[in-house]
J.: 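Dropping a structure here in structure tokens format, bear with me for questions.
Computed from a predicted structure; not experimentally measured. Just so we're on the same page: letters track the sequence lines, and every chain starts at 1.
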Amino acid sequence: MSLRFYNTLTQELEVFTPLAGNTVRMYTCGPTVYNFVHIGNFRTFTFQDILRRWLRYRGYKLDHVMNVTDVDDKIIINAAKENKSIEDYTAIYTKAFFEDAAALRLQQPEHVAPATKHIPEMVKAIEELAAKGFTYTNEGSTYYRIASFPAYGKLSHNDFSGMRSGVRVDVDEYDKADARDFVLWKAHRNNEISWDTPFGKGRPGWHIECSAMAMSYLGETLDIHAGGVDLIFPHHENEIAQSEAITGKPFARHWLHSEHLQIESQKMSKSLGNFYTLRDLLEMGYQPEAIRYLLASVPYRKKLNFTFEGLKAAAKTIERLRDFELRVSSTKLPAGRNQAVAERTAEAIRQFEAGMDDDLNTAEALAAIFEYVRAMNTTIDEGYFQEENRWDAARVLEIFDCVFDVLEATDPAKLPGVQAQPTAPAIGDAEIEAYIEERTQAKKSRSFARADEIRALLLEKGIVLEDTKEGVRWKRK
RNA sequence: GGCGCGGUAGCCAAGUGGUAAGGCAGAGGUCUGCAAAACCUUUAUUCAGCGGUUCGAAUCCGCUCCGCGCCUCCA
């Protein structure tokens, strides 16, 4: 089965292949750095990360560009409020964004493109649009004339053919010829940040940065363009209008959009008090791996209902997988390789791959992993799992983790934005081993009270003991 | 009003014509000095409701109810 994605443009599931060679040229819409980005934003960025990782698993090289919008109305307003320059203000939240992204183990795109570092590219794009007659100016601002691009609406599947200039009663309220037109370049006013250009002093409109940067890094036609569903219209529609007006060629071949996240079945909003940033959740003590798992486990085109019950369930699920990993690596096993296990391993990998290939159906892919884990636990219980089967199980976990990346625990000291927690007093391995030895002796002499006391004492320090056939196994909680 | 997405067990969720995956939670059990972990059994005769098509529908069609998103800068 080949890799397939749902394409917003065609509204169909399509087989994916890059346009040229083995490299996937991908553009994703990144953050606007006017504040800490919230957990809903990270749902989309996590989807993009899973997409990246699966493309790489499938043997493709990536050339991925993500923009950072570091000049816009909200940034200008917020920076002014804090009496900071645009640069100083956005630097804070850009840094925070990448710290958060790292905590969620999001891979860095090959190129991170801040808008303010690409003004010449935008100027060039606007000049090309002007030369081809797609623009007009009004009071120092430059606008895109939608009426000159008949295909407008093809991505969002809206029919704008009936809309004409003057239809809207309040057209005079806008300084545009048509209410649907959008601004390419905003005229300079007050003391706002601005750049000098042949078409006037000012700053870029939102949409032009993506067209200009995408094409300057990746060429005229991208393989994949991705973002949240709310960007379909108008942002991505406008990107198409700009880019295709310039090149006359399709801007992106596959448009992938992730659905929104809801909190406890409600829209996340500040007024409802259910607005969370990653740092809020970390502050509450939730593990970044659990958050990542929860965000990744619901297929990206489905609304994700974020609940704290779900977040706790995610943490338990990860623990189950980590326990399995520990069991496979630490249990004493008979020599050899059980062929049935080897075959079951291949089957699990096939199932996992089939799920991911099917438009990144992570729920189905995960089911393959859990069915495998249960089957292998049973095999171990029954004594049929052999020494060399360790590699089989490790292979499955490795494939799982190269996409989901949640098995390794994060050092709590390295969480962004979290004050140093009063953690359990540290205890060294040697001391733990000494306690375990004492407890083993206590058990031998049937001093169970002392044995339980040691277990409790270690638990307080975050050490969990498990008695197995081959002796005591311990792990840090 | 237009366009689009969705309603599957206590919660999350797969399944888009052939008789309900998986995770978490709950109950009972095996193992254990006790635990933990693991495993087993169990928890939807039923997929928002009603009607239709079909040998057969959660899956297709129609209607109704409910939730959500976009329709000028929100992932």
Side-chain angles (χ1 to χ4, degrees), chain A residues 8 11 28-32 37-48 69 72-74 146 153 156-160 162 174 176 179-183 205-207 226-235 237-238 257-262 264-269 293-294 297-299 301-321 323-324 326-327 331 351 355 358 361-371 373-382 443 446-449 451-452 455-456 459 464-469 472-475:
Chain A
T8 307
Q11 298 182 301
T28 58
C29 290
T32 301
V37 307
H38 58 67
I39 197 67
N41 295 307
F42 275 120
R43 198 269 166 112
T44 293
F45 297 130
T46 302
F47 143 65
Q48 292 165 358
T69 302
D72 90 324
D73 294 354
K74 281 189 293 259
I146 298 279
S156 56
H157 304 100
N158 282 314
D159 181 9
F160 295 116
Y174 295 78
K176 313 182 218 178
R180 298 276 161 187
D181 290 347
F182 59 92
V183 68
W206 177 34
H207 312 294
V229 284
D230 56 321
L231 295 185
I232 296 171
F233 189 89
H235 185 53
E237 197 73 73
N238 291 353
H257 293 98
S258 56
E259 253 298 348
H260 278 182
L261 170 150
Q262 292 178 271
E264 309 278 357
S265 301
Q266 288 187 302
K267 182 174 178 159
M268 176 163 47
S269 76
Y293 180 89
L294 182 59
S297 62
V298 177
R301 287 203 295 128
K302 182 130 186 158
K303 285 185 190 66
L304 191 159
N305 189 14
F306 183 95
T307 66
F308 288 98
E309 191 182 345
L311 192 49
K312 286 171 194 140
K316 292 285 291 184
T317 301
I318 292 169
E319 209 179 313
R320 175 174 165 81
L321 293 172
D323 282 337
F324 175 69
L326 182 65
R327 187 179 193 199
T331 304
Q351 261 183 51
D358 181 16
N361 188 337
T362 48
E364 202 174 328
L366 286 169
I369 300 299
F370 293 115
E371 282 166 18
V373 168
R374 178 150 33 76
M376 291 307 103
N377 269 321
T378 303
T379 310
I380 295 171
D381 285 347
E382 292 172 349
K443 278 174 65 180
R446 305 195 65 80
S447 309
F448 294 122
D452 291 346
R455 186 208 296 284
L459 187 62
V464 178
L465 299 188
E466 293 179 9
D467 294 331
T468 72
K469 276 184 208 156
V472 184
R473 184 166 67 197
W474 65 272
K475 60 182 181 184

J.: Could you go through A/W206 and A/D72, starting from their C-alpha distance and side-chain angles, then the distance that decides it, and tell me whether this counts as side chain to side chain contact (heavy atoms under 4.5 Å, CB included)?
T.: CA-CA 7 Å; A/W206 177 34; A/D72 90 324; over 6 Å; no
J.: Separation of A/K469 atom NZ from B/G33 atom P, in whole Å?
T.: 13 Å
J.: Under a 3.5 Å cutoff, is there a donor and acceptor pairing between the side chains of A/E237 and A/S156?
T.: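 Judged by distance alone, the side chains do pair up.
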J.: To the nearest Å, how far apart are A/H235 NE2 and B/C73 P?
T.: 13 Å
J.: Just the atom pairs and distances: protein N or O near nucleotides 36-40 of chain B's N or O, under 3.5 Å.
T.:
unit_1, atom_1, unit_2, atom_2, d
B/A38, O3', A/N377, ND2, 3.1
B/A38, O2', A/R327, NH1, 3.2
B/A38, O2', A/D381, OD1, 3.4
B/A38, O2', A/D381, OD2, 2.8
B/C39, OP1, A/R320, NH2, 3.4
B/C39, OP1, A/N377, ND2, 3.3
B/C39, OP2, A/R320, NH1, 3.4
B/C39, O4', A/D381, OD2, 3.1
B/C39, O3', A/T378, OG1, 3.3

J.: Output a table of nitrogen or oxygen pairs between the protein and nucleotides 41-44 of chain B separated by less than 3.5 Å.
T.:
none

J.: Could you check whether A/R327 pairs with A/D381 (Lys NZ or Arg NE/NH1/NH2 to Asp/Glu carboxylate O, under 4.0 Å)?
T.: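 Looking at A/D381 together with A/R327, the answer is yes, because their closest N to O distance falls below 4.0 Å.
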J.: Would you mind telling me which of B/G69, B/C71, B/G33 lies closest to the side-chain atoms of A/R180?
T.: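 Selected nucleotide: B/C71.
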J.: Looking only at atom C1', what distance separates B/C66 and B/G18, rounded to whole Å?
T.: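 It works out to 30 Å between them.
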J.: Can you check whether A/N361 has a side-chain N or O nearer than 4.0 Å to OP1 or OP2 of B/A21?
T.: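 Checking A/N361 against B/A21: no side-chain N or O falls below 4.0 Å of OP1 or OP2.
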J.: Checking A/T362 against A/S297: is there a side-chain donor and acceptor pair closer than 3.5 Å?
T.: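 The answer is no; no qualifying pair exists.
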J.: Considering only the C1' atoms, how many Å lie between B/G6 and B/U43, rounded to the nearest integer?
T.: 26 Å
J.: Considering only the P atoms, how many Å lie between B/G2 and B/C24, rounded to the nearest integer?
T.: 45 Å
J.: Using the P atom in both, what is the distance from B/A13 to B/C74, to the nearest Å?
T.: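 Approximately 27 Å lies between the P atom of B/A13 and that of B/C74.
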J.: Taking only the P atom of each, what is the distance from B/A9 to B/U45 in whole angstrom?
T.: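 The same atom, P, in both gives a distance of 10 Å.
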J.: Whole angstrom is fine here: how far is it from CD1 in A/I318 over to C1' in B/C24?
T.: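 Computing the A/I318:CD1 to B/C24:C1' distance gives 12 Å.
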J.: What's the spacing between A/T468 OG1 and A/R473 CZ if we round to 0.5 Å?
T.: 6.0 Å
J.: When you measure from the side chain of A/R374 to the backbone of A/I369, do you find a donor-acceptor pair of N or O atoms at a distance under 3.5 Å?
T.: no
J.: Using atom C1' in both nucleotides, what's the gap between B/A44 and B/C11 to the nearest angstrom?
T.: 14 Å
J.: Please confirm whether the backbone N or O of A/N361 pairs with a side-chain atom of A/D358, one donor and one acceptor, at under 3.5 Å?
T.: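 Checking the backbone N and O of A/N361 against the side chain of A/D358, no donor-acceptor pair under 3.5 Å is found.
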J.: Mind listing the N/O atom pairs, protein and nucleotides 10-13 of chain B, below 3.5 Å?
T.:
unit_1, atom_1, unit_2, atom_2, d
B/C12, OP1, A/N305, ND2, 3.1

J.: Record whether the side chain of A/D159 comes under 3.5 Å of the base of B/G2 through a donor-acceptor pair of N or O atoms.
T.: no
J.: So, A/H260 and B/A75: ring centres less than 5.5 Å apart, planes less than 30° off, yes or no?
T.: yes
J.: Does OP1 or OP2 of B/C74 have a side-chain N or O of A/K74 closer than 4.0 Å?
T.: yes
J.: If only atom types and distance count, is the side chain of A/N158 paired as donor or acceptor with the main-chain N or O of A/G153 below 3.5 Å?
T.: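 Looks like no, no N/O pair under 3.5 Å.
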J.: Roughly how many Å is it from CD in A/E264 to P in B/G67, rounded to a whole number?
T.: 18 Å
J.: Is the shortest distance from a Lys or Arg side-chain nitrogen in A/E466 or A/K475 to a carboxylate oxygen in the other one below 4.0 Å?
T.: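 Yes, A/E466 and A/K475 are salt-bridged.
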J.: Could you tell me how far apart A/E259 (CD) and B/C74 (P) are, to the nearest whole angstrom?
T.: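 My rounded result for the distance is 18 Å.
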J.: Whole angstrom is fine here: how far is it from CG in A/L311 over to C1' in B/G23?
T.: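 It is 14 Å, rounded to the nearest whole Å.
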J.: So if I take every side-chain heavy atom of A/H38 and compare against B/G15, B/A75, B/C73, which nucleotide ends up nearest?
T.: B/A75
J.: Are A/P31 and A/N41 side-chain neighbours, meaning at least one heavy-atom pair lies under 4.5 Å?
T.: no
J.: Rounded to the nearest angstrom, tell me the gap between atom CD1 in A/I232 and atom P in B/C5.
T.: 10 Å
J.: Heavy-atom nearest nucleotide on RNA chain B for A/E371 versus A/L261: which residue maps closer to 5'?
T.: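 The residue whose closest nucleotide sits nearer the 5' end is A/E371.
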J.: Between B/G23, B/G69, B/C74, which nucleotide has the shortest distance from any of its atoms to the side chain of A/F370?
T.: B/G23
J.: Sticking with atom P, work out how far B/C31 lies from B/A25, rounded to a whole angstrom.
T.: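 Result for the P pair: 23 Å, nearest Å.
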J.: Just the rounded figure in Å: distance from P of B/G22 to CE of A/M376.
T.: 15 Å
J.: Measuring only the P atom in each nucleotide, how far is B/G17 from B/C12? A whole number of Å is fine.
T.: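 My reading of the P atoms in B/G17 and B/C12 gives 26 Å.
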